[in-house]
*Asks:* 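Pasting a structure here, questions to come.
Quick note: numbers below take in every heavy atom, side chains included, and nothing from hydrogens, waters or symmetry partners.
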Amino acid sequence: MIANYYTLRHLARDLDKRLAGAVINEVFCQNKNELLLSLSAVGDRYALLVSCEPSTNYLFLRGEVHRAKKNSIDVFKSIWGKQVEHVFIQPADREIILQYGGDTRVIIQLFGSKANVLLVDAGNRVVDSFLHPKENVGGKHESRAQDLAQVSHTHEEFTSRLRAIGNILLSAAVKKLFPPFSSVLIREACHRADLSEQQLVAELQDADRQRLYASILELIDQLESPPFPRLYYQDAQPMICSLVPLAHVKATSEERFDSLHDAIRTFLGKSRKHKSLLHERERLSHYLEQGIARAERTLEKIAVESQSLERAAQYQLFGKLLMANLHRIQPGMKQVEVENVFSTSRERAAIPLELSLSPAKNAERYFEKAKKSRVSVEEKTKHREETVEEWERLRDLLTSLSAVQTPEQFADFMAAHDEQLAGVGYKAETRGADQAREHVPFRTFTVAGGFAVWVGKSSENNDLLTSKYARPNDLWFHARGSSGSHVVLKMGTGKGQPSKKAIDEAASIAAFYSKMKNAKHVPVAVTERKYVRKSKGAPPGTVTIERERLLFVEPGLPGGDQRN
């Protein structure tokens, strides 16, 4: 729902308030199909990110993005330095306009696979195009005409239009009547009306139509009201970013946001992380499964070859019997049959002979074969023990991997099992874990319950952690009355809610990275990140906090770690 019409309408209203009067510093592209507009307004710098990727259209505002030194391309240079006058959405369409300089405007079209960003002049002529410029530049821009249904009609009018549609599925009928509704909203409207979206329109009773009409009106009213964005998660995977509460969604957790931009940014970031996690976890899982299958095939082969031990005993017996019966072996004999004097049953044994060898040499040949068979058995026994050990390691790793649900847990898994993975030949791949840790520019720790804790390294780094990386509901810590690091406990990185032990450990980290690290007990303030404010012009690392509570803890790091 991040590119749904209702979402874009709220985004356009918010952008109009925040960007009216803002100056466009530069426009550039450094990721495929993603455009960044760098703007400044009243001392603040922003980046408006627009994705025209067919599978994922999006638009959101965030803090300044530092442009990459390589692989970035200038776009729309003619509007650099221009001032935004007005931001609005095209009525009934997913087209947002940034107007500047009279009728000249940037048009952001989030049309799925046809998404694009155009620069259009006062005469509606396309003067530049982010994608497919050869096809678009010089042409006439015309907004897509959409006859969207009005919801102000009466129940009788709604019923009449519904009947006139024909006998189709209810989901398709609602889409025809209300084009801005996405599949999620259609499902929600049907759920609230206690109807199946797979029902046929002809099967509806008057009471069904009444409930459907009421649920659609209720949903539209919520969609048009000030948004209360939220993310729905299934385990650790973000499922849906929504403006309104969704009764039909079966989620294991929900995260609410004050800002629609923050909600979209978090949804996209976690979705990408989860996709990356699935890819990396699947690759490692496949490697471990292949290793387990290979070890099992080796063990089966060794089991078949274990008959070497029986052959060694037989060769030894043949040698001894030949030595005891040398006088009975005549030249030209291919085989000799003798009594097994070493057996209580005294059965007879037939012993094959090499014609070219003397009786004594034949006996010596069997002794040599017995020796080689015993050596082979010893080697196979040792190999079997090593193979069983590797098989058990692989199975243990695969079992542990199956519990990994988040990117943070995957990074911890890779770090914790670095030696075991190297032992099974996966050492080259473990660099992904190092990279996963290195991309976070802070000190990192793990406290009780598996929760990740990030710690600022300097005043500027503290600002980066608090303003850019911490989410509104993350827990924020700082030693009271003393300079020190900002410390953030990342919600959602462990199971459930952080325990008292996890919170105390995070507070101890904040005390450790403060000027009071040598004190016995240190007062540490804790609050949610959304209650931490930075005043304009305040020195780096300086913030104002609200709704804090005070903890008295002993400075220290989890597990006795004494990093500086």
*Asks:* Give me the atom names and distance for the closest heavy-atom approach of Val127 to Val120.
*Replies:* CG2-N, 4.4 Å
*Asks:* Is a side-chain N or O of Ser51 found less than 3.5 angstrom from the main chain of Thr56, in a donor-acceptor match?
*Replies:* yes
*Asks:* Measuring from atom CD of Gln290 to atom CG of Leu394, what distance do you get when rounded to the nearest 0.5 angstrom?
*Replies:* 11.0 Å
*Asks:* Could you give me the CA-CA distance, side-chain angles and deciding distance for Ile186 and Phe178, then say whether side chain to side chain contact (heavy atoms under 4.5 Å, CB included) is met?
*Replies:* CA-CA 9 Å; Ile186 292 171; Phe178 303 95; over 6 Å; no
*Asks:* Is a side-chain N or O of Trp454 found less than 3.5 angstrom from the main chain of His486, in a donor-acceptor match?
*Replies:* no
*Asks:* After noting the C-alpha distance and the side-chain angles of Asp14 and Leu260, does the key distance pass the side chain to side chain contact (heavy atoms under 4.5 Å, CB included) rule?
*Replies:* CA-CA 9 Å; Asp14 184 72; Leu260 182 54; over 6 Å; no
*Asks:* How long is the gap from CD on Glu528 to CG on Leu489, to the nearest 0.5 Å?
*Replies:*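 The CD atom of Glu528 sits 11.5 Å away from the CG atom of Leu489.
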*Asks:* Could you tell me whether the side chain of Phe257 reaches within less than 4.5 Å of the side chain of Thr266, counting heavy atoms only?
*Replies:*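 Yes, at least one pair of side-chain atoms sits under 4.5 Å.
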*Asks:* Arg13 and Asp16: salt bridge (Lys or Arg N to Asp or Glu O under 4.0 Å), yes or no, with the steps?
*Replies:* CA-CA 5 Å; Arg13 290 172 179 170; Asp16 188 45; over 6 Å; no
*Asks:* Measure from the side-chain N and O atoms of Tyr232 to the backbone N and O of Leu246, and report whether any donor-acceptor pair falls under 3.5 Å.
*Replies:* yes
*Asks:* Hey, does Asn116 have a side-chain heavy atom less than 4.5 Å from the side chain of Phe130?
*Replies:* yes
*Asks:* Can you tell me if NZ on Lys468 sees more than 12 non-hydrogen neighbours from other groups inside 6.0 Å?
*Replies:*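 Correct, the count exceeds 12.
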*Asks:* Are more than 12 heavy atoms from other residues, nucleotides or ligands located less than 6.0 Å from atom CD of Gln497?
*Replies:* no
*Asks:* Determine the interplanar angle of the Tyr58 and Phe60 rings, folded into 0 to 90°, and report it as parallel if under 30°, tilted if 30 to 60°, perpendicular if over 60°.
*Replies:* tilted
*Asks:* Does any part of the side chain of Val184, heavy atoms only, come nearer than 4.5 Å to the side chain of Asn4, both counted from C-beta?
*Replies:* no
*Asks:* Would you say the side-chain atoms of Asn57 pair up with the backbone N or O of Gly112, donor to acceptor, closer than 3.5 Å?
*Replies:* yes
*Asks:* At their closest point, which heavy atom of Ala122 faces which heavy atom of Thr104, and how far apart are they?
*Replies:*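 Scanning both residues completely, I find the closest heavy atoms to be N-OG1, 4.4 Å.
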*Asks:* Determine whether Ile264 and Thr7 make a side-chain contact, defined as any pair of heavy atoms from C-beta on separated by less than 4.5 Å.
*Replies:*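 Contact flag for Ile264/Thr7 side chains = yes.
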*Asks:* Is the shortest side-chain N to carboxylate O distance from Lys77 to Asp128 below 4.0 Å?
*Replies:*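 No, this pair does not count.
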*Asks:* Between atom CD of Glu188 and atom CG of Leu219, what is the distance when rounded to the nearest 0.5 Å?
*Replies:* 6.0 Å
*Asks:* Report the C-alpha distance between Arg18 and Tyr46 in whole Å, list the side-chain angles of each, state the deciding distance to 0.1 Å, and finish with yes or no for side chain to side chain contact (heavy atoms under 4.5 Å, CB included).
*Replies:* CA-CA 10 Å; Arg18 299 172 69 171; Tyr46 301 101; 3.8 Å; yes
*Asks:* Does a salt bridge link Arg265 with Asp262, judged by any charged N lying under 4.0 Å from a carboxylate O?
*Replies:*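 Looking at Asp262 together with Arg265, the answer is no, because their closest N to O distance does not fall below 4.0 Å.
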*Asks:* Decide if atom NZ of Lys82 counts as having more than 12 heavy atoms of other residues, nucleotides or ligands within a radius under 6.0 Å.
*Replies:* no
*Asks:* Going from CD1 on Ile2 to CG on Leu8, what distance comes out if it is rounded to the nearest 0.5 angstrom?
*Replies:* 9.5 Å
*Asks:* Over 60° means perpendicular and under 30° means parallel, so tell me whether Tyr213 and Phe158 are parallel, tilted or perpendicular.
*Replies:*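 Aromatic pair Tyr213/Phe158 classed tilted.
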*Asks:* Is it true that atom CG of Asn167 has more than 12 heavy atoms of other residues, nucleotides or ligands lying nearer than 6.0 Å?
*Replies:* yes
*Asks:* Are Glu157 and Arg161 ion-paired here, with the side-chain N under 4.0 Å from a carboxylate O?
*Replies:*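 A salt bridge is absent here (no side-chain N lies under 4.0 Å from a carboxylate O).
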*Asks:* Looking at Asp474, is its backbone amide N or carbonyl O close enough to the side chain of Lys490 to form a donor-acceptor pair, meaning the two atoms are under 3.5 Å apart?
*Replies:* no
*Asks:* Do you know the tightest heavy-atom contact between Lys175 and Pro179?
*Replies:* NZ-O, 2.8 Å
*Asks:* Taking Arg529 for its side chain and Val532 for its backbone only, find out whether a donor-acceptor pair lies under 3.5 Å.
*Replies:* yes
*Asks:* Could you tell me whether the side chain of Lys270 reaches within less than 4.5 Å of the side chain of Glu255, counting heavy atoms only?
*Replies:*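 In contact.
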*Asks:* Are side-chain heavy atoms of Lys534 and Thr466 found at a separation under 4.5 Å?
*Replies:*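 When only atoms from C-beta onward are counted, Thr466 and Lys534 do not touch, as no gap falls below 4.5 Å.
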*Asks:* Could you tell me the separation between the CD atom of Gln109 and the OG atom of Ser129, rounded to the nearest 0.5 Å?
*Replies:* 8.0 Å
*Asks:* Indicate the atoms forming the closest heavy-atom contact of Val455 with Leu465, along with that distance.
*Replies:*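 Closest approach of Val455 to Leu465, heavy atoms only: C-CD2, 4.1 Å.
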*Asks:* Closest approach of Leu170 and Cys190, non-hydrogen atoms and distance?
*Replies:*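 For Leu170 and Cys190, the tightest heavy-atom pair comes out as CD2-SG, 3.8 Å.
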*Asks:* Can a donor-acceptor pair be found, under 3.5 Å and without considering hydrogens, that links the side chain of Ser242 to the backbone of Pro245?
*Replies:*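 Looks like no, no N/O pair under 3.5 Å.
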*Asks:* Taking Ser215 for its side chain and Ala189 for its backbone only, find out whether a donor-acceptor pair lies under 3.5 Å.
*Replies:* yes
*Asks:* Which distance, rounded to the nearest 0.5 Å, do you find between the CG of Leu223 and the OH of Tyr5?
*Replies:*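 Those atoms lie 11.5 Å apart.
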*Asks:* Side-chain contact test, heavy atoms from C-beta onward, threshold under 4.5 Å: evaluate it for Arg9 versus Glu224 and give yes or no.
*Replies:* yes
*Asks:* Say whether, by atom type as modelled, one donor and one acceptor occur between the side chain of Glu95 and the main chain of Gln90 under 3.5 angstrom.
*Replies:* no
*Asks:* Any idea which heavy atoms bring Val201 and Leu162 closest together, and the distance?
*Replies:*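 Scanning both residues completely, I find the closest heavy atoms to be CG1-O, 3.7 Å.
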*Asks:* Between Met1 and Cys241, does the side chain to side chain contact (heavy atoms under 4.5 Å, CB included) criterion hold? Intermediate values first, please.
*Replies:* CA-CA 6 Å; Met1 289 180 61; Cys241 177; 5.7 Å; no
*Asks:* Does a sphere of radius 6.0 Å around OH in Tyr233 hold more than 12 heavy atoms from other residues, nucleotides or ligands, not counting ones at 6.0 Å or beyond?
*Replies:*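 More than 12 within 6.0 Å, yes.
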*Asks:* Does Arg192 have more than 12 heavy atoms from other residues, nucleotides or ligands lying within 6.0 Å of its CZ?
*Replies:* yes
*Asks:* Give a yes-or-no answer on whether the side chains of Arg67 and Ser72 include a donor-acceptor pair shorter than 3.5 Å.
*Replies:*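 Note: Arg67 and Ser72 side chains meet the donor-acceptor criterion.
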*Asks:* Backbone N or O of Arg105 within a donor-acceptor pair of the Gln99 side chain at under 3.5 Å?
*Replies:*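 No: the side chain of Gln99 does not pair with the backbone of Arg105.
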*Asks:* Does Val249 reach the side chain of Glu254, with side-chain heavy atoms less than 4.5 Å apart?
*Replies:*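 SC-SC contact between Val249 and Glu254 ruled out.
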